[in-house]
Amino acid sequence: MSGTLKNPFALLGRHYSRRAPPPSPRQATHLLARYASSPHRPLNLSALLSFGQPLTPDSVLASVAYALEEIPRRLATRVQSIESLPFIVGTNPYVASILAAHRDSFEWLATYVTPTSLEENADFAESLEDLVERHANDIPTLAKGFQESSKYMTNSQISQFLDGAIRSRISVRLIAEQHISLSRAIYDSSHPHIGVVNSRLSPADMIRMCGSFVTELCDATLGGSPVINIEGDRDATFAYVPVHLEYILTEILKNAFRATVEHHSKKNRGQNSLPPIAITLSGPPPGPSPNYFSIRIRDQGGGVSPANISQIFSYAFTTAGRGASNDDGSGGGPYAAQHVGGSAAIGDGGMGAGNLFGEITGKGLQTGLGTIAGLGYGLPMSRLYAKYFGGSLDLLSLEGWGCDVYLKLRCLEEAGDSEI
Ligand code: ADP
Ligand code: MG
């Protein structure tokens, strides 16, 4: 690796394209079928990580060849699975737009001439970043499409489709982001860690980071928030993908914060005595693999009602918002829009009319920070992330008192056999 190479990211504009002429519709169909049916190669995490160990110009070029083989193969499979949805679901504008975006990205990648120099690769990596960006809203868009077409598919058909779509999306992002990261690191040797895995990720630091974001969001939305106490192996680190841990912790904390504030504002309105969220960290014990980092997130937010417990991991199940059809019958559910501290209200729930994305609609309070609940995707997606490398996520509810979420994440130093 050389720190003296000039970074062509800064020099190259869009004028330089390695794209072959676009395929005709017939060629595109053939191409798609060829990629979708290409033999399944055993793909694992160590193959992905090996391109950065060590990082050399040759390994970057090997990485781009890998990305150009594996990403279009996955996109082709997604295109086919969207196409095999019931016809009427495919005519939904949201679903149709996702299909079109997948086709475009597939064709672009499948016809891209594999870069043979770092300069050519830098141009590709930059375009790949744009591609990842263009797909950033795919899951909420699909969610909207399925919400509109829910009467044409059973819940289990929807969840099977979404599990596949989200898993494949996690893989595509891992492969793309690994390559983008290597493509940048080759010009800048000062990176603390190369690639998508941080071998010394600190859960305590990540909790503090996600906690401060969720605190801000919860304060702005609900007018207060509990504190977080971290116990156990606070100094322990493990190898993991930081963005995955960040996603899971943010979702679990949002749920815990919201339940705490809402439960206690019902009990003693006006008092600011919210019980803390207690997070216990248990680092991997020394010994044979497989090893896991375990995290317990404990709240006193009243727990989940028995009527809802079997549904909380279903896509789009939420008790947030007025008009939610799946609540516990208590009139809007424990997360129903209500006023805490006088001004804030929560956005409509995922099952309600209009506002699937759960923007904060109440009383003009727009935080611009995102939403604390409402889509009903937090738990099912967090669990998919946890299971992706062979971990788990479980929620236990002590009715009337609170919830424990048990998160077990596979340590990735030794999870090289994980399929991606
Ligand atoms: P959302 O937060 O958008 O509603 P989630 O998938 O994150 O979607 O959660 C689904 C539902 O599970 C929530 O609406 C809520 O009813 C319930 N839930 C999740 N976590 C907790 C918790 N810690 N305490 C009480 N209820 C919870
Ligand atoms: Mg949630």
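Just so we're clear, the structure is a prediction, and the values are computed from it rather than from any experiment. Just follow the structure's listing: the first ligand is 1, and inside any ligand the first atom is 1.
Asn229 CG: more than 12 foreign heavy atoms inside a 6.0 Å radius. Within a 6.0 Å radius of CD in Glu231, other residues, nucleotides and ligands contribute more than 12 heavy atoms.
Counting heavy atoms under 4.0 Å from ligand 1, residue Asn308 does not touch it at all. When heavy-atom distances to ligand 1 are checked against a 4.0 Å cut-off, Leu375 comes that close only through its backbone atoms N, CA, C and O. When heavy-atom distances to ligand 1 are checked against a 4.0 Å cut-off, Cys403 comes that close only through its side chain, counted from C-beta outward.
Here the options are Arg78, Arg134, His135, the test is side-chain hydrogen bond (donor to acceptor under 3.5 Å, both in side chains), and the partner is Ser105; only His135 passes.
For ligand 1 and Asp299, the ligand atoms under 4.0 Å from any heavy atom of the residue are 22 (C), 23 (N). Near Pro380, with a cut-off below 4.0 Å to any heavy atom, the atoms of ligand 1 are 6 (O). Proximity to Gly303 (heavy-atom distance under 4.0 Å) selects the following atoms of ligand 1: 25 (C).
Put simply, Thr318 stays out of reach of the Mg ion (ligand 2), with no N, O or S atom under 2.8 Å from it.
Checked against a 3.5 angstrom limit, the closest N/O atoms of Gly376 and ligand 1 fall inside it. Taking distance alone, with nitrogen or oxygen atoms compared against 3.5 Å, Val304 stays at or beyond that limit from ligand 1. Between Gly301 and ligand 1, not a single N/O pair is under 3.5 Å apart. The N/O atoms of Glu251, backbone and side chain alike, include none that comes under 3.5 Å of an N/O atom in ligand 1. Below 3.5 Å of separation, one finds no N or O of Ala259 facing any N or O of ligand 1.
Salt-bridge formation is detected for the pair Glu70/Arg74: a Lys NZ or Arg NE/NH1/NH2 atom is positioned less than 4.0 Å from an Asp or Glu carboxylate oxygen.
Classified by interplanar angle (parallel below 30°, tilted 30° to 60°, perpendicular above 60°), the ring pair Tyr35/Phe106 is perpendicular.
Heavy atoms of Gly302 come nearer than 4.0 angstrom to ligand 1 in no pair at all.
A cation-pi arrangement is present between Arg383 and Phe313 under the rule of less than 6.0 angstrom and at most 45 degrees off the ring axis.
When all heavy atoms of Ala165 and Leu142 are compared, the closest pair comes out as CB-CD1, 4.3 Å.
Remark: side-chain polar atoms of Ser59 are paired, donor with acceptor, to backbone N or O of Phe51 under 3.5 angstrom.
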